[in-house]
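Notes follow the structure.
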2 protein chains.
Amino acid sequence: MNQNDDTTVGERAAYVLDDQVGFLLRLASQRHTAIFQDSPAFDLTPTQLAAIVRLAQIGECSQNELGRQTAMDVATIKGVVDRLRQKGLVVTRPDPLDRRRTLLSLSPGTEAMIADIHEFGLQISRKTLAPLTAAERTTFLRLLRKLSEVG
Amino acid sequence: MNQNDDTTVGERAAYVLDDQVGFLLRLASQRHTAIFQDSPAFDLTPTQLAAIVRLAQIGECSQNELGRQTAMDVATIKGVVDRLRQKGLVVTRPDPLDRRRTLLSLSPGTEAMIADIHEFGLQISRKTLAPLTAAERTTFLRLLRKLSEVG
DNA sequence: ATCCGGTTGTTAGCATACTAACATTATCGA
DNA sequence: TCGATAATGTTAGTATGCTAACAACCGGAT
């Protein structure tokens, strides 16, 4: 019987930190972020790129709506949008139909860069998944999606 | 031909944010953290639990060493250790052999809780992986480890 | 023995990510 | 129409996670 067997009947599973999904998710996220930041094509963080790409996809929308579409709470999306506005990548105008809202859209310069930003994002994904074979990449993304879509 | 086909010869792969590994890793991490925080067994964050479990595993060590063993840079591990000391979970003493170092160890009370902390960690991992079948869980952890272990 | 490079821990600054509380504005129901 | 409810955006506070700079200290090489 393997000394690392964690399925022995009647015995409690051993807690090995390096085998826990939360710990491994943190490591994988760290590696992805490092790959992203080491590819200096744009002065963007992964989160900022996600916001820009989503805004390009869905078009003009409110700040909270963009937050929901990118899985950022209201406090986080505010900071992200503030920094994107400061860089001139996103512009705003008041919503004429709802005085609570500010509508966000990409600046013309950003609009023109969208294709390059997409290409950059694909490169990052390829580098991140490089340790896996093509079949493994497909499987991994499918399972990761199952873990993310719940709730 | 499928309209979402991203492998058509001669065409550039489409950039779909929801299919990018970085975005999905962020979603999965968010879900894991939410599961963790909604299980109020201990007043700990995932990072703090990792530090405690690792310290229990490797025994008394320096702050930077614990950081390396838990994938936290020197600034991050400092904050984590400060908070664990403030809660009385970790105690320190100067290293008699190296005046730069402070040696960390678990407080006796924490030592006594380690088995419960392990059990709690296993519950969190089970809940996080619940959307997958047993076979999928094994595969997912194997691939996630491959993505994390790369230098 | 001294100098030099490396290690340890601290600090400051920035960027997510979360909760909670708040004022303002919309909307729906009675 | 009015009153309760909900949505929007802001602010404050806390906790990672990163870089960069710094002082103090250790070890080895000359």
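Computed from a predicted model, the values in this text were never measured in an experiment. So that the names make sense, note that chain A is the first sequence line, chain B the second, and so on, each numbered from 1. Just so it is clear, the values below take in all heavy atoms, side chains as well, and ignore hydrogens, waters and symmetry mates.
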Margin query: What contact category does B/Q37 fall into here, base, sugar-phosphate, or nothing, at under 4.0 angstrom with non-hydrogen atoms?
Written below: nothing
Check: Could you state the CG-P distance from B/D82 to D/dT16, rounded to the nearest angstrom?
Finding: 11 Å
Notebook entry, point to check: Which letters describe nucleotides 2-9 of chain D, given B = protein heavy atom under 4.0 Å from base, S = only from sugar-phosphate, - = neither?
Noted result: ----BBSB
Note to self: Any donor-acceptor pair under 3.5 Å linking the side-chain atoms of A/Q57 with those of A/R54?
What the structure shows: yes
Item checked: N or O in side chain of A/T47 less than 4.0 angstrom from C/dA17 OP1/OP2 -> yes
Margin query: Please compare B/K87 and B/A71 by the position of their nearest nucleotide in DNA chain D and report the one closer to 5'.
Written below: B/K87
Next item on the list: May I have the distance from A/Q86 (atom CD) to C/dA15 (atom C1'), rounded to whole angstrom?
Entry: 13 Å
Check: Nearest-Å distance, CG (B/D43) to C1' (D/dA15)?
Finding: 12 Å
Next item on the list: For A/R99 and for A/A75, find the nucleotide of DNA chain C with the closest heavy atom, then tell me which residue's nucleotide is more 5'.
Entry: A/A75
Margin query: Without decimals, in angstroms, what is the distance between B/R26 CZ and D/dT16 P?
Written below: 19 Å
Check: Yes or no on side-chain contact (heavy atoms from CB on, under 4.5 Å) for A/L44 and A/L89, after CA distance, side-chain angles and deciding distance?
Finding: CA-CA 10 Å; A/L44 290 174; A/L89 301 177; 3.7 Å; yes
Note to self: Measure CG/B/L104 against P/C/dT8 and give the value in whole Å, please.
What the structure shows: 12 Å
Notebook entry, point to check: Got a sec: does the CZ of A/R145 have more than 12 other heavy atoms crowding it under 6.0 Å?
Noted result: yes
Next item on the list: Rounded to the nearest 0.5 Å, what's the gap from OG1 on A/T45 to CZ on A/F42? Could you check?
Entry: 13.5 Å
Check: Would you say A/R142 has more than 12 foreign heavy atoms packed within less than 6.0 Å of its CZ?
Finding: yes
Next item on the list: Quickly work out the B/H32 NE2 to C/dA17 P distance and round it to whole Å.
Entry: 16 Å
Next item on the list: Might you work through the ring pair (Phe, Tyr, Trp, His ring centres under 6.0 Å) test for B/F120 and B/F36, ending with a clear yes or no?
Entry: CA-CA 9 Å; B/F120 174 70; B/F36 195 106; 5.2 Å; yes
Margin query: Rounded to whole Å, please give me the gap between CG in B/L25 and C1' in C/dA17.
Written below: 16 Å
Note to self: C/dT16, OP1 or OP2 - any side-chain N/O from A/T45 closer than 4.0 Å?
What the structure shows: yes
Checklist line | Charged N-O contact under 4.0 Å between A/E65 and A/R101 | finding: no
Notebook entry, point to check: In whole angstrom, what separates A/D73's CG from D/dT11's C1'?
Noted result: 13 Å
